[in-house]
**Q** 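Once you've had a glance at the structure underneath, I'll fire off some questions.
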Amino acid sequence: MSAPPAQLWRHARLASFQPGTAWGWVEDAALWVEGDTLRWVGPDAALSKALPAGLPAVPERDLQGALVTPGLIDAHTHLVYGGDRAAEFEQRLQGASYEDIARAGGGIRSTVAATRAASDEVLFQLAAGRARTLMAEGVTTLEIKSGYGLNEADEARCLAVARRLGRELPLTVRTTSLAAHAVPPEFAGRPDDYISAAISWLAGQHRAGLVDAVDAFCDTIGFTPAQTERIFQAAQALGLPVKLHGEQLSDQGGAELAARYGALSCDHLEHLSPAGIRAMKAAGTVAMLLPGAYYFLRETKLPPVSALREAGVPIAIATDHNPGSSPCLSLLLMLNMACTLFRLTPEEAWRGVTVNAARALGLADRGMLATGLRADFAVWDAQHPRELAYRFGHNPCRRVVQGGIERQP
Ligand code: NIG
Ligand code: FE
């Protein structure tokens with residue numbers, strides 16, 4: 001594909017999220033895009049000095065004061081799966097708990113059965129529809145976990161579907177292997193043997209270019225810290241970064257364990273301890289908070305937001321889109337819920353879906369709008385990003401530029 005032509009976007013109200021000022025705010029900004037990169041970003045009044053003399057005329061767009069933010073990053077999703085869990089939702093309303101259903105063989109395992117039964121094409125079309133819904137709200141980068149295949153072939157198939165989404169949609173996709181999500185029926189009662197099997201698949205997935213990171217669900221209905229550590233050791237031996245589903249339903253010390261492996265992020269964290277916070281701070285691990293799952297499971301224990309803030313642990317926010325605990329396809333709604341449920345400030349919530357989400361994926365080329373970074377941005381019918389955290393059920397996304405190329409939201 002030939003490189004997109006250079007373009008100038010002028011007169012934006014810009015939330016760049018560059019450090020130093022609130023929101024990285026520039027009241028009247030210009031962005032000079034060349035190829036997939038931001039060649040220059042700054043006050044519109046300084047643009048003429050920034051452009052080299054003799055530059056051929058570059059097409060200009062006047063944004064007339066519309067809000068521009070970085071493209072949104074949904075850094076925790078389980079987007080590839082078959083079936084749904086609406087009946088389980090109904091069961092929960094009749095009194096069963098998420099754990100009861102999981103222990104009775106429903107929950108994740110029912111999605112595993114539906115995923116295994118679906119063809120590659122069906123899985124792709126379902127996931128593409130979900131991805132497009134997220135993209136309509138300005139999402140330009142998406143993480144997708146496996147974890148509903150739970151055997152060698154089906155895990156690889158789900159990761160390959162995620163890779164195909166990244167090739168066929170105007171979207172960056174990062175893949176995470178989450179074979180350690182639940183024990184599949186073939187290994188019932190033999191979780192250690194299942195972990196050995198999952199470890200044996202990893203090198204092949206890695207060789208096939210299917211994996212960017214490795215995750216595990218460490219909890220009473222997931223895996224023990226010892227089992228999780230075996231997965232982390234295998235990832236480390238392959239040079240793959242790790243992430244963790246941890247301290248969601250109980251405190252297993254998963255955050256300390258993940259921090260010892262330099263985890264990119266620990267996710268959920270309602271039951272995170274002070275020791276976990278200290279370990280994450282020391283390791284530079286991002287705290288990925290998932291208000292959709294908290295809301296949908298009607299959790300009452302809040303993640304320790306003030307303590308994370310005081311410790312200076314970077315906080316990210318994601319949809320955790322999955323059929324069981326967060327069937328949500330709106331990252332804008334998560335901005336609102338991060339504020340209303342978790343008491344993040346609108347700016348903290350926004351940093352959670354931009355700069356800190358990029359960090360949770362180990363991506364240094366995005367999450368902010370600054371000279372030299374990727375030209376991934378969204379244009380909104382709004383004056384200020386706080387409006388997008390304030391309203392809910394409302395999508396004012398008007399344009400999206402992904403890697404320098406404009407697409408319809
Ligand atoms: O992130 N906690 C484990 N995994 C998912 C839920 C998976 C499911 O219920 O299907 C989560 O919440
Ligand atoms: Fe999850």
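First listed ligand is number 1; within each ligand, the first listed atom is number 1.
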**Q** How far apart are the closest heavy atoms of Pro70 and Gly367, and which atoms are they?
**A** CG-O, 3.6 Å
**Q** Any heavy-atom pair between the side chains of His76 and Ile317 that's under 4.5 Å?
**A** no
**Q** For Glu186 and Tyr194, which I'm curious about, is there any donor-acceptor pair between the side chains at under 3.5 Å?
**A** no
**Q** Using a strict 4.0 Å cut-off to heavy atoms of His76, name the atoms of ligand 1 that fall inside it.
**A** 1 (O)
**Q** Asn322 heavy atoms, cut-off 4.0 Å: which ligand 1 atoms fall inside?
**A** 5 (C), 6 (C), 7 (C), 8 (C), 9 (O), 10 (O), 11 (C), 12 (O)
**Q** Between ligand 1 and Tyr81, can you find any atom pair, the residue atom being a heavy atom, that is separated by under 4.0 Å?
**A** no
**Q** For Asp320, what is the atom name of its N, O or S atom nearest to the Fe ion (ligand 2)?
**A** OD1
**Q** Do NZ/NE/NH1/NH2 and the carboxylate oxygens of Asp212 and Arg163 come within less than 4.0 Å?
**A** yes
**Q** Quick one, Tyr294 and His268 - any side-chain contact, counting heavy atoms below 4.5 Å?
**A** no
**Q** Please could you name the atoms of ligand 1 that His268 approaches to less than 4.0 Å, counting only its heavy atoms?
**A** 1 (O), 2 (N), 11 (C), 12 (O)
**Q** Looking only at protein heavy atoms, which one is nearest to atom 2 (N) of ligand 1, and what is the separation?
**A** Gln248 OE1, 2.8 Å
**Q** Just by distance, with hydrogens left out, do Ser306 and Arg343 show a side-chain donor and acceptor under 3.5 Å apart?
**A** no
**Q** Could you tell me whether some N/O pair between His181 and ligand 1 is separated by less than 3.5 angstrom?
**A** yes
**Q** Check for me whether the distance between the ring centres of Tyr390 and His384 falls short of 6.0 Å.
**A** no
**Q** For Arg366 and Thr354, test the side chains for any donor-to-acceptor distance below 3.5 angstrom and give the result as yes or no.
**A** no
**Q** Mark up the atoms of ligand 1 that fall under 4.0 Å of a heavy atom belonging to Tyr98, in ascending order.
**A** 6 (C), 7 (C), 8 (C), 9 (O)
**Q** Between Lys145 and Asp215, is there a salt bridge with N-O shorter than 4.0 Å?
**A** yes
**Q** Check all N, O or S atoms of His78 and name the one closest to the Fe ion (ligand 2).
**A** NE2
**Q** Any non-hydrogen atom of Asp320 lying under 4.0 Å from ligand 1?
**A** yes
**Q** Does NZ or CZ of Arg399 lie under 6.0 Å from the centre of the six-membered ring of Phe377, at an angle within 45° of the ring axis?
**A** no
**Q** From the Fe ion (ligand 2) out to just under 2.8 Å, does an N/O/S atom of His268 turn up?
**A** no
**Q** Quick test: of every protein heavy atom, which one is nearest to atom 12 (O) of ligand 1, and how far off is it to 0.1 Å?
**A** Ser325 OG, 2.5 Å
**Q** Among Tyr294, Phe296, Tyr148, whose heavy atom sits nearest atom 7 (C) of ligand 1?
**A** Tyr148
**Q** Specify whether an N/O/S atom of Asp267 falls short of 2.8 Å from the Fe ion (ligand 2).
**A** no
**Q** Going by the atom numbers of ligand 1, which of them fall below 4.0 Å from some non-hydrogen atom of Ile108?
**A** 7 (C), 8 (C), 9 (O), 10 (O)
